[in-house]
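Working notes for the structure below.
Computed over heavy atoms, backbone and side chain alike; hydrogens, waters and symmetry mates excluded. All chains are named by letter (A, B, ...) in the order of the sequence lines, taking the proteins before the strands, and each is independently numbered beginning at 1.
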Number of protein chains: 2
Amino acid sequence: MPQPSAPRTSLGRPPRISREEVVAAARRIVDADGVNRLTMRRLAAEIGSTPMALYHHVRSKDELLVLLLDDYAARTLHRPELPEEPRERVIVATDAIHSALADCPWIVDVLTADDLLSTSALWFVEQIIDGLLACGLTPRQAVHGYRAIWYYTAGEIVVRTTAARRRTDDDRPTYRERVFGELDPSELPRLEQVADRWASLTAEDTYLDGLRALVDGLLASR
Amino acid sequence: MPQPSAPRTSLGRPPRISREEVVAAARRIVDADGVNRLTMRRLAAEIGSTPMALYHHVRSKDELLVLLLDDYAARTLHRPELPEEPRERVIVATDAIHSALADCPWIVDVLTADDLLSTSALWFVEQIIDGLLACGLTPRQAVHGYRAIWYYTAGEIVVRTTAARRRTDDDRPTYRERVFGELDPSELPRLEQVADRWASLTAEDTYLDGLRALVDGLLASR
DNA sequence: ACCTGAACACCGTTCAAGT
DNA sequence: ACCTGAACACCGTTCAAGT
């Protein structure tokens, strides 16, 4: 692990690239061409170095992606004004995380790391847990509630951004369109009933509605 | 696209492998070694053929993965006895999909395709929509409700299986453990308060609790 | 029509050597 | 200590040719 702030001795050569430069260059590539185009070779070219030089500043490509997410969160996750009312505080804090992630579709590949994204997101988790506690949940219920909220939020982003990614890939009818075209109305009458509205209904952004329903349900079960 | 049931003419040579054989061999590899080990080259070796022969039966590796998911769903997604009560019908139908997917961690890479998995899952979607309608939601609310349920379910599986995947990768402390170790109690008092119980609390399976809360909330908003 | 061989244009990472 | 070059052990897919 490099120690950028360690006192520079006369041993060895001076570093030519830093961890920050590596992350910044990776960010440029991802912003310009998408996360699929971020390879160690391409990154080395962007920096004007060799693939192996990168491994002096980053343990692996996976670590690079986590650093990239940290960097992104630190730059874009600004703390909003939170309402006093605890239930609404949970909604607003969650929505802030969601908005930041939704603007950043490449995140899906890293997103699924664990239940925390980055230290920059901790403040938001704090607010969510605090809001749930203030609504009368036990600590146990609050942590479980936070998890449910995170599942819902992560799922919405993963499903929506992956669907969008596929749409640009090819112009053929989607799997969904094919399936709905061949519905057997006698076996699946409800789906038949909504089939022609499905595309427009599922295109609507109902993230906040679903979030409110979930939080209501979590608080009602208290 | 091959036509296995088309009348065999005297033109050309007889096929040596079929689409079904390709999918079955892919299934064997995935079951034995995980989805990461499924490559076109490895698959060809398993069948005793060449990589390019596969492309006669399957358009691309992506299509192969979708076929694999269809195959898996057709084999394991058995229709359960559903309760009369519509709210409970929604829960049981959703839980059946969730259980099937949760036993199949490789699915995460394909899962995020769209809002439908495979034709075998349509019956379950029908039951969920039907249950929501029977509870008094409008068709619009029912479709949105189904989406919210799917986000929650997909998110739970993605987050949980990816976390499990990482755990086996290395023995170093997780990112989460590092973060919780360095909490500033004055800034993040609630997280500090639950820090030592976080691991055990989030290890509990609370999928059904969260699902019930979500469905309750969806029905209450009617 | 179905299959093969060779090749294209890539990957992430290791290893040994240079300065 | 930091960087380089060459190599390892792979990928998915195209293309031209064989039967």
_In whole Å, I'd like the distance from the CE atom of A:Met40 to the C1' atom of C:dC11._
11 Å
_Work out how far the C1' atom of C:dC2 is from that of D:dA16, and round it to whole angstrom._
15 Å
*B:Arg41 has a side chain; which of C:dC11, D:dT4, D:dT13 sits nearest to it?*
D:dT13
*Which distance, rounded to the nearest 0.5 Å, do you find between the CD1 of B:Ile29 and the CG of B:Leu68?*
10.0 Å
*Between P of D:dC10 and CG of B:Asn36, the distance in whole Å*: 14 Å
*Could you state the NE2-C1' distance from B:His56 to D:dC15, rounded to the nearest angstrom?*
12 Å
*asked:* Do the side chains of A:Glu46 and A:Arg37 get close enough for a salt bridge, i.e. N-O under 4.0 angstrom?
replied: no
_Length of the line joining A:Arg42:CZ and C:dA9:C1', which is rounded to integer Å_ = 15 Å
*Any chance you could measure B:Leu77, atom CG, to B:Tyr72, atom OH, to the nearest 0.5 Å?*
9.0 Å
*Give the rounded distance in Å between these two atoms: CG of B:Leu43 and P of D:dC11.*
12 Å
_Residue-phosphate contact under 4.0 Å: B:Thr39 side-chain N/O, D:dC11 OP1/OP2_ = yes
_Just verifying a value: how many Å separate A:Thr153 OG1 and A:Tyr207 OH, rounded to the nearest 0.5 Å?_
3.0 Å
*Whole-Å distance between D:dC2 P and A:Glu21 CD?*
13 Å
*Looking only at side-chain N and O atoms, does A:His57 come under 4.0 Å of OP1 or OP2 in D:dC3?*
yes
*For B:Tyr55 and C:dC3, give me the distance from atom OH to atom C1', rounded to whole Å.*
15 Å
_Of the options D:dA6, D:dT13, C:dC2, whose atoms approach the side-chain atoms of A:Met52 most closely?_
D:dA6
_B:Val58 to B:Leu64 - nearest heavy-atom pair and separation_ = CG1-CB, 3.9 Å
_Both distances below 3.5 Å, Watson-Crick or wobble geometry, any strand: find the nucleotide opposite C:dA1._
D:dT19
*Can you find a side chain N or O atom of B:Arg59 that sits less than 4.0 Å from OP1 or OP2 on D:dT13?*
no
*d(CZ, A:Arg19; P, D:dC3) in whole Å*: 14 Å
*For C:dC11 versus D:dA7, give the span between their C1' atoms, rounded off to a whole number of Å.*
14 Å
*Nearest-neighbour nucleotide for the B:Thr50 side chain, C:dT4, D:dC3, C:dG12 considered*: C:dT4
*asked:* If you only use heavy atoms from C-beta on, which nucleotide in D:dG12, C:dC3, C:dT13 is closest to the side chain of A:Lys61?
replied: C:dT13
_Complementary nucleotide for C:dC10 - Watson-Crick or wobble, under 3.5 Å_ = none
